[in-house]
Amino acid sequence: MSTTRRKPYPFSDFEPKWQQHWDHAQTFHTPNPGEPDFDPARPKYYVLDMFPYPSGSGLHVGHPEGYTATDIIGRYKRMRGFNVLHPMGWDSFGLPAEQYAIKTGQHPAVTTAQNIAYFKGQLQRLGFAYDWQREVNTTDPGYFRWTQWIFLQLYNSWFNPSSNRAEPIETYSGSDADSARLAYVSEAPVNWCQALGTVLANEEVIDGKSEVGGHPVERRPMRQWMLRITAFAQRLIDELDGLDWPEGIRLLQKNWIGRSEGTEVHFAVADSAEKITVFTTRPDTLYGATYMVLAPEHAIVDRLVTEEQWPAVREYREKTARKSDLDRTELAKEKSGVWTGAFALNPVNGERIPIWIADYVLPGYGTGAIMAVPAHDERDWEFARKFALPIREVVATAPRVSIGNKAACNTEPLECFSGEGFAVNSGPLDGLSTADAKADITARLKAQGLGKKCVNYKLRDWLFSRQRYWGEPFPIVWEDGKHRALSAAELPLTPPELADFKPTGTGEPPLAKATDWLRYSDKATRETNTMPQWAGSCWYYLRYCDTKNAGRFVGTDAESYWMGGGQPGGVDLYVGGTEHAVLHLLYARFWHKVLHDLGHVSTPEPFQRLVNQGLILGEDGQKMSKSRGNVVNPDDVIAEYGADALRGYLMFMGPLEAVKPWSMAGVEGIARFLARVWRLVMEEQQDGTFALGAVSAETEPDKAQFRVIHASIKKVTADIETLSFNTALSQLMVFTNAFVNVSPRPLSAVRTLLTLLQPFAPHISEELWKNLAQRFGSAGELCDAAWPQWDERFLIEDEMEIVLQVNGKVRDKIIVPKDATREAVEALARSSAKIVEWTAGKEIKKVIVVPGKLVNLVVA
RNA sequence: GCCGGUGUGGUGAAAUGGCAGACACAACGGACUUAAAAUCCGUUGGCGCGAAAGCGCCGUGCGGGUUCGAGUCCCGCCACCGGUACCA
């Protein structure tokens, strides 16, 4: 990038100046209720960014895209008289800092502090109106003591199914409270990543590989802390309804939670007292169940397998256990399994069907056992074909009279049909539609105690512990093999000092190396797992409301003011990337609901309105990445074109939600526009400096000028409300272009332009506003000015252009007075020479008059 | 496979069912300049007719439909991007 390029306006002089001014004057500090400068008469607006992980490589242009959008909204709402909460902070626990520490020996806290300083500098150079007094940092003990405190709330509560709420554990009347807690210990198989030396949540495993780093992940049984998010599955679905979220994200969350309605059916095991329960969404196909499959891990397998089959079963189970998730995915095409030697009895007809184990049945979903209906399920079909198991058609596309003939029943279908239709070969169900058959058979099973309706969710409980150093330690100690919570007074529990942050490789967390720290008392030792990175981001939006509070995670007055407001969600606008659709956004909602149930927060949902900014691609149309060399660094853009131009371009390049490619030429276009605004006010001197121009004057705008001014106020206001910043900027360009060649140039027009421009390009507009004060008197600071109002009277034109169409094709245009009647407009249309020509010799069958718009004549 | 999203000039994109391409970028032409940059003015969807003013036809991924009128609504396809996958 050339450094000799002449700057079209001196942004490098005044942009840092204003940034320092805002910092020194604390212009954007927002007081809390009860503080001296707080004005309770104003409504509140809480606009939130997804806070960044301060990585070593600094911001990329995707960050300021969303941040600029919220900054515009925040500055705009402020001018509209709202108390605006617009904070920023750091999601700073996490793997990269720890891995850097392992490599260099430098403590993660040191690199984290350096990265934060770098990020903060970058954000400040963009002129964002954050209240930096509310900065939060998830690795700050003053912050994570409350993350730990919230964990204690989870630990000390349970989900009461009858009230459908989280309640204090004291209200639990069962015998084993530990089994009911929302935070509990489980021995279940988990996703273990050898390369990272830690376990991962389901959400962090993609295609059998770790989301971070892409390392292989395998399943291993380990003792882990879990959070009982599944108890909230239904509420997490239902309560999306009150939120103003993109439909796509709601669907992603719903699909992730994966509610499915079906029936539980109990199968007896032949020659045994054992019983196997399966879950199916197609109970109507029960007569077509020709075998049964258990997950290899299913506990009952041990009690079923026959002597002869044991070697094969043992070998298959071991193979399955060794398989990583990646292998399972790769081998998904080919079905595998082993017969246990046992048979189950189909409850509807007493038929003996073989019981198999196969890894296509997952241990964690439903009951870990299925009835296999190969004629009507693709997976069962494949499996049955491979192992030559019988296939019986029980659903047909049209109702069919059952022949009741055994030979006919055994005719195998030629392909799998998994759709809905009508029951056949199904005894009493024959002829019923799939929906009716489901209801009928479920009622029959229920009456005989052989099954019942039930609901299943794909969502699993949240694996909450990590074998890492750089995370929040659990406020838990162990004594005699039992866990117990620290008291809130013992928080924060800070991580120990360590020289070696490496994972042990055995699954034993690195904190175990700190022997002094580990010892809690003569008998008790500390939990050595740490919390996942998601913990800190689950509640940071609450801490922003009251960052300095040392006595509570958030003060009740501050919380109810900033998070209140009569909507389900407390944050008025939340902007961030789609990548958090099922992770952060689901976890945060879960924690929020627990806190709400326990009476700690005032709303059931955290985020009312959610907007996802679209990805910014490189100039080559590809995803930005270091290896492609197409990454754009905002610092370079600011050095070349200024912060206002970068902000403006980010908003002008297209709709906020759209994926769009970067274009340096586009930045230049915005810079040219801003330079044109600059020259509306300033004139270049002989020596190359700028001074206030002479053309601005306190003259009245004329009628046409008034129309541009008020049309612009109207459009820019409406566009900001709908986050259509690209079209708002177009209108500001139209506004500017309309006054470029005007002399004398009405001061009121220029001031209105600067006011509308302020949220987008705060530095240049503030500077010009101040310069105008040299001659015309001070009007205070622009960011404090009131947002202008438009007056419809200025928008009404005396005359209107009417489009004349014949059969929907434009043939002429006429000018009519604004108050012309329908009849008058039609008469004028009919008398137009071109219309006469186009309709000559034809019958006019119909005339459509759209007032103020067009006349359409329909001819034969 | 399934679930989302997107298809409009050379490019980024605009268009409450009512003049398709606002606003920009790029390109080209002109003014200013010794020259260049910057700036300002103009042209710019395609095809055809015309010396010109202008006129006509076609045009929003493809095929149907609804409507006086469709980029916009409905049905059926195609392509690309993103997510997700043995969830019974």
Touch class at under 4.0 angstrom, heavy-atom based, for R811(A) against every strand present: sugar-phosphate
Please measure how far the P atom in A36(B) lies from the corresponding atom in G45(B), and state the result in whole Å. 28 Å
M653(A) side chain, from C-beta outward: closest of G56(B), G12(B), U39(B): G12(B)
C40(B) phosphate, OP1 or OP2: any side-chain N/O from R679(A) under 4.0 angstrom? yes
Quick check: are there more than 12 heavy atoms from other residues, nucleotides or ligands sitting under 6.0 Å from CD of E683(A)? yes
Holding to side-chain contact (heavy atoms from CB on, under 4.5 Å), I want the full list of residues that pass it with S12(A), two or more places apart in sequence or in another chain. K7(A)
Sticking with atom C1', work out how far U60(B) lies from C73(B), rounded to a whole angstrom. 16 Å
Mind checking the C1' distance from U8(B) to C58(B)? Whole angstroms is fine. 15 Å
What integer number of Å spans the P atoms of C62(B) and U11(B)? 16 Å
Can you find a donor-acceptor N/O pair under 3.5 angstrom joining the side chain of K845(A) to the base of C68(B)? no
Going by the rule side-chain hydrogen bond (donor to acceptor under 3.5 Å, both in side chains), which residues pair with T717(A) if we only count those two or more places apart in sequence or in a different chain? W787(A)
In whole Å, what separates the P atom of A31(B) from that of A13(B)? 36 Å
For Y360(A) and A85(B), give me the distance from atom OH to atom C1', rounded to whole Å. 16 Å
Send over the distance from E837(A) CD to C55(B) P, rounded to a whole Å. 11 Å
Without decimals, in angstroms, what is the distance between K834(A) NZ and G54(B) P? 10 Å
In G69(B), glycosidic geometry as syn within 90° of 0 or anti otherwise: anti
Among residues at least two apart in sequence or on other chains, which ones pass salt bridge (Lys or Arg N to Asp or Glu O under 4.0 Å) with E247(A)? R250(A)
Can you check whether K623(A) has a side-chain N or O nearer than 4.0 Å to OP1 or OP2 of G82(B)? no
Is the phosphate of G82(B) approached by T578(A) (side-chain N or O, under 4.0 Å from OP1 or OP2)? no
Which residue pairs pass the side chain to side chain donor-acceptor pair (under 3.5 Å) test with at least one member in residues 720-730 of chain A, sequence neighbours excluded? Y76(A)-E721(A), D719(A)-T727(A), T722(A)-S724(A)
Might you work through the salt bridge (charged side-chain N to carboxylate O under 4.0 Å, His left out) test for K453(A) and E264(A), ending with a clear yes or no? CA-CA 6 Å; K453(A) 238 175 126 158; E264(A) 263 182 12; over 6 Å; no
Would you mind telling me which residue lines up with the more 5' stretch of RNA chain B, G654(A) or S260(A), judged by nearest nucleotide? G654(A)
Using salt bridge (Lys or Arg N to Asp or Glu O under 4.0 Å) as the criterion, list what pairs up with D284(A), not counting sequence neighbours. R282(A)
Between E382(A) and K386(A), is there a side-chain N and carboxylate O pair less than 4.0 Å apart? no
Within the structure, does a side-chain N or O atom of K660(A) lie under 4.0 Å from either OP1 or OP2 of G12(B)? no
Are K254(A) and G4(B) close enough that a side-chain N or O sits under 4.0 Å from OP1 or OP2? no
For E799(A), which residues count as a salt bridge (Lys or Arg N to Asp or Glu O under 4.0 Å) partner, sequence neighbours excluded? none
With sequence neighbours excluded, give me every side chain to side chain donor-acceptor pair (under 3.5 Å) pair touching residues 364-374 of chain A. S260(A)-Y365(A)
Show me the protein contacts with nucleotides 16-27 of chain B, counting only N or O atoms at under 3.5 Å.
unit_1, atom_1, unit_2, atom_2, d
U16(B), O4, K853(A), NZ, 3.1
G18(B), N2, Q805(A), OE1, 3.4
C19(B), O2, K813(A), NZ, 2.4
C19(B), N3, E801(A), OE1, 3.4
C19(B), N4, E801(A), OE1, 2.8
A22(B), N1, S730(A), OG, 3.4
A24(B), OP1, N737(A), ND2, 2.5
C25(B), OP1, R672(A), NE, 3.1
C25(B), OP1, R672(A), NH2, 2.9
A26(B), OP2, R672(A), NH2, 3.0

Tell me which nucleotide among C58(B), A88(B), A13(B) gets nearest to the side chain of P655(A). A13(B)
Quick check for you: among C68(B), G12(B), A14(B), whose closest atom lies nearest to any side-chain atom of P661(A)? G12(B)
Contact between R647(A) and F760(A) at the side-chain level, heavy atoms closer than 4.5 Å - yes or no? no
What's the OH-P distance between Y457(A) and A88(B), to the nearest Å? 13 Å
Separation of A38(B) P from Y9(A) OH (nearest whole Å): 16 Å
Over how many whole Å does the gap from D380(A) atom CG to A88(B) atom C1' extend? 7 Å
Find the distance D719(A):CG to A15(B):C1' and express it as a whole number of Å. 12 Å
Please measure how far the P atom in C2(B) lies from the corresponding atom in C77(B), and state the result in whole Å. 11 Å
Can you check the Q613(A) CD to G5(B) P distance for me, whole Å? 18 Å
Base contacts versus sugar-phosphate-only contacts with protein, heavy atoms under 4.0 Å: please encode nucleotides 41-46 of chain B as B, S and - from 5' to 3'. S-----
K809(A): what forms a side-chain contact (heavy atoms from CB on, under 4.5 Å) with it, not counting sequence neighbours? R811(A)
Would you measure the distance from the C1' atom in U84(B) across to the matching atom in G46(B) and give it in whole Å? 42 Å
Sorted by chain and number, sequence neighbours left out, salt bridge (Lys or Arg N to Asp or Glu O under 4.0 Å) with E843(A) holds for none
Taking the six-membered ring of F267(A) as reference, does the cationic atom of K275(A) (NZ for Lys, CZ for Arg) lie under 6.0 Å from its centre and within 45° of its axis? no
Could you summarise the pairing of RNA chain B as dot-bracket text, marking Watson-Crick and G-U pairs under 3.5 Å with ( ) or [ ] inside the strand and | across strands? (((((((..(((.....[....))).(((((.......))))).(((((....)))))..(((((..]....))))))))))))....
Taking only the side-chain heavy atoms of N255(A) (C-beta and beyond), determine which of A88(B), C3(B), C86(B) contains the nearest atom. C3(B)
Taking only the C1' atom of each, what is the distance from C32(B) to C25(B) in whole angstrom? 24 Å
Sugar-phosphate, base or nothing in reach of W381(A), heavy atoms under 4.0 Å: nothing
